[in-house]
2 protein chains.
Amino acid sequence: MGRPRTFEVEEALDAALGVFWRQGFEGTSYADLVAATGVERPALYSAFGNKEALFLKALDRYGSHYGNYVWEAVNLETARAVATRVLKGAVELNTRFADRTGCFGINGALAGSDDSEASRQALIKWRADGEAVLRDRFERAKNEGDLPADADASVLAAYILAVAHGMAVQAKAGFSRERLTAIARQALCAWPQA
Amino acid sequence: MGRPRTFEVEEALDAALGVFWRQGFEGTSYADLVAATGVERPALYSAFGNKEALFLKALDRYGSHYGNYVWEAVNLETARAVATRVLKGAVELNTRFADRTGCFGINGALAGSDDSEASRQALIKWRADGEAVLRDRFERAKNEGDLPADADASVLAAYILAVAHGMAVQAKAGFSRERLTAIARQALCAWPQA
DNA sequence: CTCATTACGTAATGAGCGTTACGTATCTGG
DNA sequence: CCAGATACGTAACGCTCATTACGTAATGAG
């Protein structure tokens with residue numbers, strides 16, 4: 001009942017995600033969002049709630065449509081393959097779109113006034129979730145003899161993600177995919193022998 | 001001649017640096033700067049110019065008073081010692097102040113509207129300068145036989161800084177100094193044998 | 001056809017932003 | 001002790017921000 005929507009909600013959300021990806025939470029204004037989505041302000045409010053809610057919905061979409069490479073990688077057979085895939089996924093995603101390089105989850109997580117604290121906490125949680133998944137996977141690898149018994153799964157997970165995050169920063173600074181790939185290869189030299 | 005200043009310029013600059021460090025360029029308002037420095041707006045303008053100029057001066061001060069560990073590290077004797085010191089310096093700086101964790105040069109570099117593009121470019125340049133210094137040092141190490149002849153100095157420099165940047169992100173997410181130290185130790189396992 | 005319901009775009013709201021004009025206060029050189 | 005110069009705080013400027021009230025348009029149910 002009632003008048004039907006004249007725009008695709010998922011399409012608009014994806015466009016908004018792109019703006020947040022490039023400019024972060026505070027750096028994005030409703031004028032930017034209207035320009036990117038082609039949807040007027042009140043329609044954005046009625047579809048997504050306020051700016052913070054819209055950002056959180058965009059983060060959700062990012063997690064399920066773009067930044068899910070960690071959750072996919074843990075299905076691989078060996079810990080080394082998992083680590084390799086995570087770094088490869090990071091390189092690929094960080095350089096996939098020339099107009100929004102780096103990682104959505106990191107670009108917005110670092111600086112900002114108190115107004116953006118909620119968004120920042122959501123991004124920190126998202127990051128921590130990925131790390132926990134990776135740690136559990138490496139813990140399993142130790143039980144399976146895939147990693148040495150004295151390996152620290154928690155440190156290895158944090159290490160791999162540190163490299164991934166560092167590459168996200170470098171991607172934002174304009175690093176090419178080839179350069180990031182070389183860095184990832186170098187990073188994997190630190191991987192413990194089974 | 002004329003009425004003398006009633007505040008210490010360097011002191012005020014350091015206070016402003018602290019705010020930019022925590023909140024980034026866009027996330028910092030003049031209300032924040034006045035509160036932190038104890039200096040009224042017009043006095044900040046007359047002493048430092050506008051917000052962008054003040055930010056650039058703060059970046060200068062950061063580079064000379066805080067983020068100079070790369071430039072110090074390259075004086076050490078071996079490439080491995082240099083890499084170790086860079087990572088140790090990053091850990092130390094990223095966790096030195098509980099109220100402004102992470103790296104000034106990275107917190108502000110990632111997201112933002114077009115208004116902050118100049119500040120972002122300055123930070124990107126600062127990062128690239130550090131990388132160049134590190135690369136040159138590793139290049140020298142190759143000539144001195146300190147690094148294998150087939151080592152890629154450029155990739156090694158980028159790798160070490162990727163880890164440093166990643167740790168800065170993690171520091172912002174609340175990682176302890178001990179945890180970051182463990183990550184740095186893991187990262188150095190990738191270092192080539194002489 | 002009527003009506004409740006929902007979405008639409010226009011245009012406005014109050015708050016906060018970066019920036020500065022202005023009058024006053026305090027210094028030094030003559 | 002006056003004149004020129006500089007710094008001071010108050011208070012305002014124009015602009016943009018996120019948010020929303022409101023009248024209109026479009027739908028489906030009865």
Side-chain angles (χ1 to χ4, degrees), chain A residues 1-13 15-20 22-59 108 111-122, chain B residues 1-13 15-20 22-59 108 111-122:
Chain A
M1 199 150 158
R3 180 173 173 174
R5 283 222 161 76
T6 57
F7 64 94
E8 288 296 322
V9 174
E10 290 299 309
E11 225 170 86
L13 181 55
L17 163 59
V19 184
F20 283 130
R22 181 172 58 249
Q23 314 198 33
F25 177 74
E26 281 193 336
T28 300
S29 72
Y30 265 91
D32 297 329
L33 293 170
V34 168
T37 60
V39 176
E40 294 296 332
R41 272 163 236 235
L44 290 175
Y45 275 90
S46 83
F48 304 110
N50 68 5
K51 191 184 176 185
E52 190 172 296
L54 172 53
F55 182 85
L56 295 180
K57 286 190 170 70
L59 170 58
S113 73
D114 293 344
D115 294 354
S116 61
E117 187 58 29
S119 310
R120 195 155 48 250
Q121 289 303 323
Chain B
M1 194 141 165
R3 179 173 174 174
R5 284 222 160 77
T6 57
F7 64 94
E8 287 297 323
V9 173
E10 289 299 309
E11 224 171 87
L13 181 56
L17 162 59
V19 183
F20 282 130
R22 182 172 56 248
Q23 313 197 33
F25 177 74
E26 280 194 336
T28 299
S29 72
Y30 266 91
D32 297 329
L33 293 170
V34 168
T37 59
V39 176
E40 294 296 331
R41 271 165 238 232
L44 289 175
Y45 274 90
S46 84
F48 304 110
N50 68 4
K51 190 184 176 186
E52 191 172 295
L54 172 52
F55 182 86
L56 296 180
K57 286 190 170 68
L59 171 58
S113 73
D114 293 343
D115 293 354
S116 61
E117 186 60 27
S119 310
R120 196 156 46 249
Q121 289 304 323

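Remember, it's a predicted structure, so these values are computed and weren't measured experimentally. Chain naming here is simple, since letters A, B, ... match the order of the sequence lines and numbering starts at 1 in each.
- With a cutoff of under 4.0 Å to any heavy atom of chain B, the contacted region of DNA chain D is bounded 5' to 3' by dG4(D) to dT10(D).
- Phe20(A) meets the ring-ring contact (aromatic ring centres under 6.0 Å, His included) test with Phe55(A); sequence neighbours excluded.
- Taking every heavy atom of both residues into account, Ala122(A) and Leu56(A) meet most closely at CB-CD2, 3.5 Å.
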Output a table of nitrogen or oxygen pairs between the protein and nucleotides 23-25 of chain C separated by less than 3.5 Å.
from, atom 1, to, atom 2, distance (Å)
dA25(C), N3, Arg3(B), NH1, 3.0

Practice problem: Begin from the C-alpha positions of Arg5(B) and Ser46(B) and carry the test side chain to side chain contact (heavy atoms under 4.5 Å, CB included) through to its verdict. | Solution: CA-CA 11 Å; Arg5(B) 284 222 160 77; Ser46(B) 84; 3.9 Å; yes
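- Gln23(A) CD to Asp114(B) CG: the interatomic distance, rounded to the nearest 0.5 Å, is 6.0 Å.
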Quiz item: Based on Watson-Crick and G-U pairs with both distances under 3.5 Å, what dot-bracket line describes DNA chain D 5' to 3', crossing pairs as [ ] and inter-strand pairs as |?
Solution: ||||||||||||||||||||||||||||||
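- The CD atom of Glu26(B) sits 10.5 Å away from atom OG of Ser116(A), with the distance rounded to the nearest 0.5 Å.
- Per the geometry, CZ belonging to Arg5(B) stands 16 Å off C1' belonging to dT28(C), to the nearest Å.
- Both Phe25(B) and Pro4(B) sit near DNA chain C, but only Phe25(B) has its closest nucleotide nearer the 5' end.
- Under the 3.5 Å distance criterion, the side-chain polar atoms of Lys51(A) are matched with a main-chain donor or acceptor of Thr28(A).
- The nearest pair of heavy atoms linking Ser119(A) to Glu52(A) is OG-CG, 4.2 Å.
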Quiz prompt | Criterion side chain to side chain contact (heavy atoms under 4.5 Å, CB included) on Asp115(A) and Phe25(A), from CA distance to verdict | solution = CA-CA 10 Å; Asp115(A) 294 354; Phe25(A) 177 74; 5.6 Å; no
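- The heavy-atom pair separating Tyr30(A) from Asn50(A) by the smallest distance is OH-C, 3.4 Å.
- Separating the CZ atom in Phe7(B) from the CG atom in Leu13(B) is a distance of 10.5 Å, to the nearest 0.5 Å.
- Listed by residue number, the members of residues 26-48 of chain A with any heavy atom below 4.0 angstrom from DNA chain D are Thr28(A), Ser29(A), Tyr30(A), Arg41(A), Pro42(A), Tyr45(A).
- Counted within 6.0 Å of CD on Gln121(B), heavy atoms from surrounding residues, nucleotides or ligands total more than 12; the atom is thus considered enclosed.
- For dG18(C), the OP1/OP2 oxygens have no side-chain nitrogen or oxygen of Asn50(B) closer than 4.0 Å.
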Indicate every side-chain donor-acceptor pair of residues 34-45 of chain A with a distance under 3.5 Å to a residue at least two apart or in another chain.
from, atom 1, to, atom 2, distance (Å)
Thr37(A), OG1, Leu33(A), O, 2.7
Thr37(A), OG1, Val39(A), N, 3.1

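- Considering CG of Leu54(B) and CG of Leu59(B), their distance stands at 11.5 Å, rounded to 0.5 Å.
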